[in-house]
Amino acid sequence: MSAPHTKRICQIIKLKDEALEEYKAIHANVWPGVLAALERAHIVDYSINYYAPLKLLIATMKYTGNDYEGDMKKVAEDPETQKWWAVTDGMQESFNEGATGSGKEVPWWTEVPEVFRFEGKP
């Protein structure tokens, strides 16, 4: 069950053909500093799925803080996260015109709007 202040986020990006095994391998051991930056930014329940027919990475997460834009800016300024993105961005292709990488003015991942939610009974 979600807290009233929880923001759900879903994002997509294309994975390059040749990058699947490397992408899976690096995500099997995410750098501790990257995970710490996400925790500081109030990101929880974060997962990335892969849909092979479209070479689509689908990320879902929950944000439990009070300043999403500010917290995401702090993540983008984190040196360890910047190094991580330098590795992972090269494996991806953004759907956003003008995007040049994670943490920049034009978003690298495309945010996908929610059209339905069912949480069940509390």
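- By the side chain to side chain donor-acceptor pair (under 3.5 Å) test, Asp17 pairs with Lys55, sequence neighbours left out.
- Checked against side-chain contact (heavy atoms from CB on, under 4.5 Å), Glu18 has the following partners two or more places apart in sequence or in another chain: Lys16.
- Side-chain contact check for Trp85 versus Val75: some heavy-atom pair is nearer than 4.5 Å.
- Note: Asn49 CG to Ile12 CD1 = 13.0 Å, rounded to the nearest 0.5 Å.
- Among residues two or more places apart in sequence or in another chain, the side chain to side chain donor-acceptor pair (under 3.5 Å) test is passed with Glu69 by none.
- Cluster annotation: Val112 and Met61 are assigned to distinct hydrophobic clusters (Ile/Leu/Val/Met/Phe/Trp/Tyr, side-chain heavy-atom contacts under 4.5 Å, transitive).
- Between the CD1 atom of Ile48 and the CD1 atom of Ile13 there is a distance of 10.0 Å, given to the nearest 0.5 Å.
- For CD of Glu22, the number of neighbouring non-hydrogen atoms (other residues, nucleotides, ligands) closer than 6.0 Å is 12 at most.
- Residues satisfying the side-chain contact (heavy atoms from CB on, under 4.5 Å) test with Lys73, not counting sequence neighbours, are Glu77.
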Using distance only, find each side-chain donor-acceptor pair of residues 95-109 under 3.5 Å and give its atom names and separation, not counting sequence neighbours.
unit_1 : atom_1 : unit_2 : atom_2 : d
Asn96  : OD1    : Thr110 : OG1    : 2.9
Asn96  : ND2    : Pro107 : O      : 2.8
Asn96  : ND2    : Trp109 : O      : 3.3
Asn96  : ND2    : Thr110 : OG1    : 3.4
Ser102 : OG     : Asp89  : OD1    : 2.7
Ser102 : OG     : Asp89  : OD2    : 3.4
Trp108 : NE1    : Asp89  : OD1    : 3.3
Trp108 : NE1    : Gln92  : OE1    : 2.7

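- A donor-acceptor pair under 3.5 Å links the side-chain atoms of Gln82 to the main chain of Ala76, judged by distance alone.
- Both Leu54 and Ile58 sit in one connected hydrophobic cluster of ILVMFWY residues. Membership requires side-chain heavy atoms under 4.5 Å apart, directly or through other members.
- Distance check: Ile9 CD1 to Glu111 CD gives 6.0 Å after rounding to the nearest 0.5 Å.
- Note: the hydrophobic cluster containing Leu20 does not contain Leu56 (ILVMFWY, side chain heavy atoms under 4.5 Å, direct or indirect links).
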Could you give the side-chain donor-acceptor pairs of residues 24-47 under 3.5 Å, partners two or more places apart or in another chain?
unit_1 : atom_1 : unit_2 : atom_2 : d
His27  : ND1    : Tyr23  : O      : 2.9
Arg40  : NH2    : Asp78  : OD1    : 3.3
Ser47  : OG     : Thr60  : OG1    : 3.1

